[in-house]
Amino acid sequence: MSIRRLPEQLVNRIAAGEVVERPASALKELVENAIDAGASRIAIGLANGGLDRLEVSDEGCAMGPDEMQLALERHATSKLPDDHIEHVSTLGFRGEALPSIASVSRLTLSSRPRGAEGWAIVVDNGFEEAGRPAALPNGTSVLVEDLFARVPARRKFLRTARAEYAACVDVIRRLAMARPDIGFTIDHDGKRRLTIAAGESRAARVAALLDRSLTESSVAIETGRGEVRLSGIAGLATFNRGVADHQFLFVNSRPVKDRLLIGALRGAYRGLLAKDRHPVVALFLELPGEDVDVNVHPAKTEVRFRDPSLIRSLIVGGVRAALDGAGPRVLVNEAPPFEAWQRPALSSAREQAAFYEAPPLARAEAAEPVGAGSAYPLGVARGQVAGTYVIAEAEDGLIIVDQHAAHERLVMERMRGAREGHEVATQRLLLGEVVELDEAACDVLEAGAPELHQMGLEVERFGTSAVFVRSVPAMLGHPDVAALVRDVADELKTFDAGLSLSERIDHVSATMACHGSVRAGRILSVAEMNALLREMEATPRSGQCNHGRPTWVKLAHGDLEKLFGRK
Ligand SMILES: Nc1ncnc2c1ncn2[C@@H]1O[C@H](COP(=O)(O)OP(=O)(O)O)[C@@H](O)[C@H]1O
Ligand SMILES: [Mg+2]
């Protein structure tokens, strides 16, 4: 076996494996460079989700021809002037991005410092062509064409252009959130898709990038300990989402996806959210450079803190305190969500008074005795407990039904029927409803519209960043239409191309089912309870909810006798 030093092109390509996973990761590196160059405006141009072309132009400090040459070499950076990596205040510092991207694409670097001529260098899949003068405005532009054209193994793992475009927008959104002083534009396939004006407040920018309704449904966070500061906004528990990708975390203005931070966030919302729901937050952590190591991940998305427990407790405590302060707002919703009803239990009634009075939720209904030989295995409704459980009497015992879980299962099964060609009854919205969403969400809804129609949800594109909802599945009752559509879009985005059509329908119907209006917390009439029981009897697989928990349990007469020591 002979050991050899690898040629430079190969070394760069190996590095590219870590840094450039998909168009969005190349875009992230280029935009970070533009930010580091002091640009106040950054223009992004994409074609075919960034697969065919991506270009980032800025009017930052720019480079002369010699510097450009150096910038394309590995481990060449202007960002570590004194060899102290802990003092790094820029987004970049590894000196790897440009040569890595250039090794797996055709890269054109053009730059023109103020008062100097412009220059352009092309690197074609690792091989540099001769530089030439170029006419361009002050600043730098990096054009990346045919990414991975010569790396078929990598190209194979890419998703659809639509999904890659969505990932690109997500990258820009994260970077833009941290820097409201910088303006951004995104063009895709020749059309202006997003304009983010410079100079907004951070709260305004976060709301503009995430969801405008967040302004009313969130609390501001402003806290700190020692030299560590935590600020940002946290969505109220009721403003939750079905996927975890609406959590934006920043350390010293660097977007990160750090496990410690995500865990702390989960801790902050513990008990406020159902297990499968996630909060919407944008949190900014500021701390001295020597207290955090940013050099633990090639894409610089993970960090390591010197004092992790301090950071954790700051987040859990800070977010929790802000949410608790907003307590009563959680209850203004007409249909109180699942989590709201759990709150008295968690605000530890023994020590302190609960911050609001829990309304009386239990009641009982008298009804005819159940005759022998009753045809109803799940019995007749006798009442409801905690606004959540239906109590029924069957011929041979007591039945307890989790109404929300049971209803979810029924909806899910009927949606399944839709796939086999049965029609799902729809309920037309009187005026229709316009729901504002980000562009990627609108794109997936538009693409999925025929499938969704089959399931009773009629949506149409309404401009770049909104959809018009015409009807919802009738069996959902009166759902919160905006929340329903948002969750369905999330679901479609997450599973975009990875799953078969029927699997996607399953996921989407489960998501829709969660929005049925027979939620926990709703008081049902006896007629409604009995209708629920009859439908459960008639529906296959109704014994388990979509999350695998039982939808009903039975205490047989024998069990009751045992409980009371009669047997
Ligand atoms: N848009 C830009 N404007 C000015 N200089 C740039 C730009 N992009 C890259 N550079 C220069 O090229 C160098 C190398 O870039 P890169 O490979 O991304 O490594 P890093 O950002 O880690 O330093 C940077 O340190 C910077 O000096
Ligand atoms: Mg860089």
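Quick note: residue numbers are just sequence positions, from 1. Note that ligands are numbered from 1 as they come in the structure, with each ligand's atoms numbered from 1 the same way. Values in this document were obtained by computation on a predicted structure and should not be read as measured data.
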With heavy atoms and a 4.0 Å threshold, my read on which part of T140 contacts ligand 1 is side chain
Going by the 4.0 angstrom heavy-atom rule, the piece of L91 near ligand 1 is neither
Short N or O distance, A62 and ligand 1, threshold 3.5 Å exclusive:
no
Is K28 paired with D170 through a side-chain N to carboxylate O contact shorter than 4.0 Å?
no
Within reach of ligand 1, part of E32 (heavy-atom separation under 4.0 Å)
neither
Counting from 1, what ligand 1 atoms have a heavy atom of T77 closer than 4.0 Å?
20 (P), 23 (O), 25 (O)
Measure the distance from atom 11 (C) of ligand 1 to every protein heavy atom, then report the residue, atom name and distance (to 0.1 Å) of the closest one.
M63 SD, 3.6 Å
Please state which protein non-hydrogen atom is closest to atom 1 (N) of ligand 1 and give its distance, to 0.1 Å?
D58 OD2, 2.9 Å
Among all protein heavy atoms, pick out the one at the shortest distance from atom 8 (N) of ligand 1; state its residue, atom name and that distance to 0.1 Å.
N33 CB, 3.3 Å
Pairwise side-chain contact, L209 with R173, heavy-atom cut-off 4.5 Å (strictly under):
yes
Examine ligand 1 and decide if any of its atoms is less than 4.0 Å from a heavy atom belonging to E29.
no
If we count only N and O atoms by modelled type, under 3.5 Å, do the side chains of H188 and N48 hold a donor and an acceptor together?
no
Can you tell me which portion of S78 lies within the under-4.0 Å heavy-atom range of ligand 1? Options are side chain, backbone, both, or neither.
both
For atom 24 (C) of ligand 1, what is the nearest protein heavy atom, given as residue, atom name and distance?
K79 CE, 3.8 Å
Starting from atom 4 (C) of ligand 1, find the nearest protein heavy-atom neighbour and note its residue, name and distance.
A37 CB, 3.6 Å
At less than 2.8 Å, would any N/O/S atom of N33, backbone or side chain, sit next to the Mg ion (ligand 2)?
yes
Of all the atoms in ligand 1, which lie at a distance below 4.0 Å from a heavy atom belonging to E96?
17 (O), 19 (O)
Determine whether the side chains of N33 and K79 contain a donor N or O and an acceptor N or O closer than 3.5 Å.
yes
So is there a nitrogen or oxygen of L98 less than 3.5 Å from a nitrogen or oxygen in ligand 1?
yes
Where do I85 and D293 land on the side chain to side chain contact (heavy atoms under 4.5 Å, CB included) test, with the steps shown first?
CA-CA 9 Å; I85 201 167; D293 185 358; 5.7 Å; no
Taking the cut-offs as 6.0 angstrom to the six-membered ring centre and 45 degrees off its axis, would you call R155 and F148 a cation-pi pair?
no
Please check if any side-chain donor atom of D307 sits under 3.5 Å from a side-chain acceptor atom of S309, or the reverse.
yes
Please determine, by modelled atom types, if R13 and N125 share a side-chain donor-acceptor pair under 3.5 angstrom.
no
If you measure from the Lys or Arg side-chain nitrogens to the Asp or Glu carboxylate oxygens, is any gap between R304 and E302 under 4.0 Å?
no
List the closest protein heavy-atom neighbour of atom 22 (O) of ligand 1: residue, atom name, distance to the nearest 0.1 Å.
G95 N, 2.7 Å
Examine ligand 1 and decide if any of its atoms is less than 4.0 Å from a heavy atom belonging to A76.
yes
Atoms of ligand 1 close to G92 [distance to a heavy atom under 4.0 angstrom, numbered from 1]
21 (O), 22 (O)
Without hydrogens or angle criteria, can the side chains of T511 and E491 be said to hold a donor-acceptor pair below 3.5 Å?
yes
For ligand 1, which atoms, with element, lie under 4.0 Å from some heavy atom of R94?
22 (O)
I'd like to know if the side chain of S231 pairs up with that of R202 as donor and acceptor (distance under 3.5 Å, no hydrogens or angles considered).
yes
With no hydrogens and no angle check, do the side chains of E145 and S105 hold a donor and an acceptor under 3.5 Å apart?
no
Closest to atom 13 (C) of ligand 1 among protein heavy atoms sits A71 CB, 3.9 Å
